[in-house]
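The structure displayed is predicted, hence computed values, not measured ones. All values below were derived from every heavy atom in this structure, side-chain atoms included, with hydrogens, water molecules and symmetry-related copies excluded.
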Amino acid sequence: MPSLLIKNIGEFFTGDIAQPVAQVRSLLVHDGRIAALDPPEPVQADRILDAGGSAVMPGLVDGHVHPVFGEWTPTQDTQGWIGNYVHGGTTTMISACELHVPGLDYENLDPELVTSLAVVTASTTGRVRWSGAKVHAGTVILVPGMTEQHFDRLAAVGAILAKFIFYPLGGERDEALRYVRWCHERGIRVKIHTGGVSRSGVSQICGYDVLAWLQPDIAAHVSGGPIPMSDGDLDAVVDRTSFWLEICSSGNYGSTVRAVRRLAEKGQLARLTLGTDTPGGTGVIPRGMLRNLLLLCSVCGLAPGEAIAIATGNTARAHGLDVGVLAPGAPADIVICGPVEGSTGASVSDAIAHGDLPGISYVLIDGEIVVSGRSRQTPPPNRRLSFRCGCC
Ligand SMILES: [Zn+2]
């Protein structure tokens with residue numbers, strides 16, 4: 001693959017919550033990965049992208065999507081949703097289970113069906129880079145009666161996540177805890193639906209009490225998806241647990257502000273992750289991940305670099321993925337953007353802090369340009385970029 005130099009970077013967001021912004025002026029991509037930050041001059045590169053003072057950040061990681069078949073979703077009768085999300089800056093998506101398959105009978109699921117559904121989805125939707133995006137599909141809906149062989153089948157197709165949503169968690173705990181162990185033995189992480197009943201109408205209600213004994217890797221949409229747990233439970237989850245906590249676009253705004261501010265006060269933003277929880281009843285939201293980080297900054301008071309790190313590096317690490325950070329050796333999943341004409345301030349940081357959408361000009365996934373010149377989902381940035389082939 002030809003090498004690429006991105007130069008004249010104005011703002012640089014690392015995706016690492018420990019140090020979310022850095023003074024980096026150029027970035028060299030080689031073989032799909034970041035070869036160097038500020039490589040010494042003269043730099044040899046096959047292609048040059050002059051960012052003209054734009055901002056560079058990692059591709060956004062949507063930790064909670066519900067794919068069905070490729071770019072098609074029946075939830076809002078939409079074709080091409082993944083490509084539209086890529087134009088909103090999302091480069092990696094993680095399925096929170098494929099429950100929207102038409103005809104699925106939530107009240108009569110059995111181990112063979114849920115395992116086969118995850119295997120088929122991993123082997124179809126999860127096999128292809130739709131619009132260039134990295135879609136991790138094949139997240140099993142956990143049900144009673146599964147054996148270790150079911151988890152072997154999931155591991156064999158590269159599943160990274162399993163989900164408690166319909167599983168009855170009110171009774172005997174041994175089987176559920178065994179599932180968590182079987183997942184961990186195979187490198188599969190465990191996510192659980194939290195809060196009230198979902199669009200399905202039959203998901204299990206989950207608050208602090210269940211989370212405290214189950215100890216999942218990630219508590220999904222803790223501020224609601226769509227209905228949040230009680231305020232008291234939410235405070236207890238923040239204060240008394242240590243696993244990853246996810247906030248989604250499908251949530252309750254008041255609970256989101258409550259959770260994010262409490263995590264920030266307690267110095268626990270490193271365990272916060274983001275997702276859209278779409279396609280679903282909330283819609284198909286190409287700018288959903290951008291809107292999440294705008295909410296975190298303009299309403300919850302986080303710094304722009306922190307919010308970007310939560311939307312990228314945090315969410316990737318929660319799911320065991322190596323994307324979401326801009327550091328030597330990391331996959332070159334990159335968003336280049338700038339403030340939109342008329343937006344507050346002179347930088348992307350200013351715009352995001354005010355809650356203004358940035359304009360995306362380029363998106364790269366593994367060093368491949370998948371959005372070139374301008375996004376079809378954001379207004380254009382006010383800075384001009386230039387791209388050319390040949391040595392600088
Ligand atoms: Zn969901």
Side-chain angles (χ1 to χ4, degrees), residues 13 15 20 55 57-66 73 75-76 78 81-94 96 133 220-226 228 245-261 263-264 269 272-312 314-315 324 335-340 342-345 348-361 363 371 374-381:
F13 299 97
M57 66 174 73
L60 303 172
V61 181
D62 187 338
H64 196 129
V65 296
H66 289 294
T73 172
T75 55
Q76 304 299 334
T78 303
W81 72 272
I82 295 173
N84 290 333
Y85 280 41
V86 168
H87 278 254
T90 296
T91 55
T92 292
M93 316 179 176
I94 301 122
H221 46 58
V222 292
S223 61
L245 304 182
E246 178 187 81
I247 298 280
C248 286
S249 312
S250 58
N252 170 311
Y253 294 130
S255 298
T256 295
V257 173
R258 186 182 189 95
V260 174
R261 285 188 178 157
L263 283 163
L269 292 175
L272 180 57
T273 82
L274 293 178
T276 58
D277 192 9
T278 63
T282 308
V284 170
I285 326 176
R287 304 195 302 220
M289 283 299 293
L290 289 170
R291 290 185 60 79
N292 282 343
L293 65 89
L294 301 178
L295 178 69
L296 260 51
C297 293
S298 65
V299 180
C300 304
L302 303 194
E306 286 178 326
I308 290 168
I310 290 163
T312 58
N314 273 18
T315 304
V335 170
I336 304 178
C337 57
V340 173
S343 168
T344 292
V348 162
S349 290
D350 293 342
I352 289 176
H354 188 252
D356 292 354
L357 189 76
I360 291 175
S361 50
V363 177
V371 173
R374 74 160 287 190
S375 159
R376 63 177 183 242
Q377 298 296 348
T378 71

Would you say that more than 12 heavy atoms from the other residues, nucleotides or ligands in this model lie under 6.0 Å from the CZ of R291, or not? no
Considering non-hydrogen atoms only, spot the tightest contact between T312 and V61 and give its length. O-CG2, 3.7 Å
Contact between D356 and L294 at the side-chain level, heavy atoms closer than 4.5 Å - yes or no? no
Mind listing the closest non-hydrogen atom pair of I308 and M57 along with its distance? CD1-CE, 3.6 Å
The single option from L293, N292, L272, V260 passing side-chain contact (heavy atoms from CB on, under 4.5 Å) against I310: L272
Check G89 against V335 and note the closest heavy-atom contact, atom names and distance. O-CG2, 3.5 Å
Checking the side chain of T378 only, and the main-chain atoms of I360 only, is there a donor and an acceptor separated by less than 3.5 Å? yes
Compare every heavy atom of H64 with every heavy atom of A220, then report the nearest pair and how far apart it is. CB-CE1, 3.9 Å
Among L60, V86, V363, D62, which one satisfies side-chain contact (heavy atoms from CB on, under 4.5 Å) with T91? V363
Could you tell me whether the side chain of H66 reaches within less than 4.5 Å of the side chain of T75, counting heavy atoms only? no
Can you give me the closest heavy-atom contact between C297 and P304, atom names plus distance? SG-CA, 3.6 Å
Polar side chain donor-acceptor pair, T278 to Y85, under 3.5 angstrom: yes
For the residue pair S223 / T256, report whether a side-chain donor-acceptor contact shorter than 3.5 Å exists. yes
